[in-house]
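A short write-up of the structure that comes next.
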Number of protein chains: 2
Amino acid sequence: MTIETPRGTTPWIPTLEEVAALAGVSSSTASRVINGSPRVTEQTVARVNEAIAKIGYVPNRAGRNLARRRTQTVAMMIPERTADFFADPYFAEVIQGAAMHASSTEYSLTLLIESEQDPHKTHQFLRRGNVDGALILSHHSASSSYGELARTLPIVFGVHPPGAVGDQIHVVDVDNVAVGALGTRHLVERGRQHIATITGPLDTSAGRERMQGWRDTVLAAGLEPGGCEEGDYTPTGGAQAMGRLLDAEAPFDAVFIASAQMASGAVAVLKDRGVRIPADVAVATADNNVFSTSSSPQLTTVDLHTAEKGATMMAAVVRLIDGAQLGTEMLVPIDLIERASTAL
Amino acid sequence: MTIETPRGTTPWIPTLEEVAALAGVSSSTASRVINGSPRVTEQTVARVNEAIAKIGYVPNRAGRNLARRRTQTVAMMIPERTADFFADPYFAEVIQGAAMHASSTEYSLTLLIESEQDPHKTHQFLRRGNVDGALILSHHSASSSYGELARTLPIVFGVHPPGAVGDQIHVVDVDNVAVGALGTRHLVERGRQHIATITGPLDTSAGRERMQGWRDTVLAAGLEPGGCEEGDYTPTGGAQAMGRLLDAEAPFDAVFIASAQMASGAVAVLKDRGVRIPADVAVATADNNVFSTSSSPQLTTVDLHTAEKGATMMAAVVRLIDGAQLGTEMLVPIDLIERASTAL
DNA sequence: CTGAAAGCGCTTACAG
DNA sequence: CTGAAAGCGCTTACAG
């Protein structure tokens, strides 16, 4: 048992003024050194930095933010159905990338849950200078109301907001048509003739576009499109869609599944029904995460570089905050990763 | 194309002073109303609230924080290996619970990635008043160095820090021995005689304790402990451990797997080898998430109430910030959820 | 119950 | 290149 040090005893926290005193300069000058102003002598810089190191000074954010009229904070908007959101490794990976990039900047990433019964409250919080910018990922939150907000606050979307597309809107995403096409083309190249698909939700542009990529590619190869069933990005939804695909009369020797989570459910159904992968059915999917690497066989997939997407979103919002002009669309590259599920 | 409204034109943000002017009071009084001071007339309260609503006033955090010498911010510490961290749905769920609870308070949750090459920097950031408290989840970050930090900053752990256990340390977790025992007892009650286990990493107390719960329960039932293989909480690790279990000579008719992620890998191996679940081997695991619900059959599991754990951690750190005295150990309840993998 | 005043810890024109 | 002064938007003793 150690003697209790009551936490009430506020610990000693050095201030700028103390740094300045120790370095023998004014706090104005100390501040300039800290902020990298060019108009300071090398000598002064050295003395101030010494003082900072000596007492372990760290700038107080509240003071700095108040003076700068900035918050150095970017909000990651989370829809109120947080459980669904965090359960999807895709979102977790975007957050990871964004947090990682943030840690290399002066900005910090705050998780902000939107109130669904009072969306106005959330908007007001954002609009009233409590954050410098926001990142919006989920379909639900990408509601049109953010369109106006984007006029006064730097906002970067990870999905295409459904409604208006003004030139103040900035979206970071993969080319979803290309995602569907890349996965499907690989199946074509493997000589498959009857290529089915399990799509994402068709009320989202990403869902529709990956499906379009699949269809375009199949048609371009001179083949008939195989079965097409809609899923919801969950393993269960993928399993059900695969069930419908198998129950339909049309036979197929390959399937492009629009997400790895759906693929994991679908693969389980295939195996339960005695369908061999890839001998009977080759499987290609999208997302390079635990769901594509931990099934047996491992799944060929379109790597969406999801963490990079998060980092790019963060970088973009920081540039917007700094006043840069950015294009509406920023594309994240994709890659095909070949695994056993489409082996020859 | 709409005409560009340059974002440089700073939008109009109302201040306390303006609220006060509109309500015909001083900003002191307006502030008191906002902070719920009892020493204000009902009339005044009404007038100020009207003014607030009218112009949509939201307090500026920087100003408030500077005056209060608080930050209203709690940091969720993330180890630098962010990818592994976010890939685990367990951590994502804790974060979700914490963020959810935070949104019901005045605190915001910030994701803070620790610098591994310069841990001092992270500590200094925390110690220098940039956050009011911190939440620490991962094993790596629960290094002893946080012990001292906890003396000056309210910190709540989600795992037992390996080293010292002073009375300033606060841990929110399930009873891990009970987790192992609850899952295993269910297998015993199902009449299984040869119960094996796949453990978590044995260099963590949670890994060792769940194993102990398994062993205690098996022995208490008058049975011999079955095979015991160590995993790493990943599907691949679970698959490998199951491979070793099957390759060993000892037959088993049940297995307790210490996490659902490992179970998903292990179950795939069982099925690939033609082992029927639950007919040949009953499977019980821990974590009630997509990994226990999306395999076929669905898995009986110990629900760890992981989101609740995150919420409890957040609630605890807020109480510490408010000066409360808390015990070292706070337990999150657990529950058994029966599913097909242990059906009779 | 209410207001004037000081102060929280910074930054940044403004002089020099 | 450097410093004194004002100000960022709040809160809170201190008087009254």
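Excluded from the calculations below are hydrogen atoms, water molecules and symmetry mates; all remaining heavy atoms, backbone and side chain alike, are included.
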> Does anything in residues 41-52 of chain B reach DNA chain C, meaning a heavy atom under 4.0 Å, and if so which residues?
Replying inline: B:Thr41, B:Thr44
> Quick one: side-chain hydrogen bond (donor to acceptor under 3.5 Å, both in side chains) partners of B:Ser26, sequence neighbours excluded?
Replying inline: B:Thr29
> By side-chain hydrogen bond (donor to acceptor under 3.5 Å, both in side chains), which residues pair with A:Ser31, not counting sequence neighbours?
Replying inline: A:Asn35
> Looking only at atom P, what distance separates D:dC10 and D:dC14, rounded to whole Å?
Replying inline: 24 Å
>> Taking only the P atom of each, what is the distance from C:dA5 to C:dC1 in whole angstrom?
In response: 23 Å
> Under a 4.0 Å N-O cut-off, is there an ion pair linking A:Glu42 with A:Arg47?
Replying inline: no
> What would the secondary structure line of DNA chain D be in dot-bracket form, counting Watson-Crick and G-U wobble pairs under 3.5 Å, with [ ] for pairs that cross earlier ones and | for pairs with another strand?
Replying inline: |||.||||||||.|||
>> What I'd like to find out is whether the side chain of B:Leu135 reaches to under 4.5 Å of the side chain of B:Phe157, using heavy atoms alone.
In response: no
Give the table of side-chain donor-acceptor pairs shorter than 3.5 Å for residues 14-22 of chain B, with sequence neighbours excluded, one pair per line with atom names and distance.
residue : atom : partner : partner atom : Å
B:Thr15 : OG1  : B:Glu17 : N            : 3.4
B:Thr15 : OG1  : B:Glu18 : N            : 3.4
B:Glu18 : OE1  : B:Thr15 : N            : 2.9

> Would you say A:Asp173's side chain and A:Val159's backbone share a donor-acceptor pair under 3.5 angstrom?
Replying inline: no
> What's the shortest heavy-atom distance between B:Asn65 and B:Arg70, and which atoms?
Replying inline: CB-O, 2.9 Å
> Between A:Thr73 and A:Thr110, do the side chains contain an N or O donor and an N or O acceptor separated by less than 3.5 Å?
Replying inline: no
> Do you see a donor-acceptor pair shorter than 3.5 Å between the side chains of B:Glu329 and B:His170?
Replying inline: no
> Reading nucleotides 8-16 of chain D from the 5' end, what letters show protein touch, with B for base, S for backbone sugar-phosphate only, - for no heavy atom under 4.0 Å?
Replying inline: BBBBBB---
> For B:Arg127, does the CZ atom have more than 12 heavy-atom neighbours from other residues, nucleotides or ligands under 6.0 Å away?
Replying inline: yes
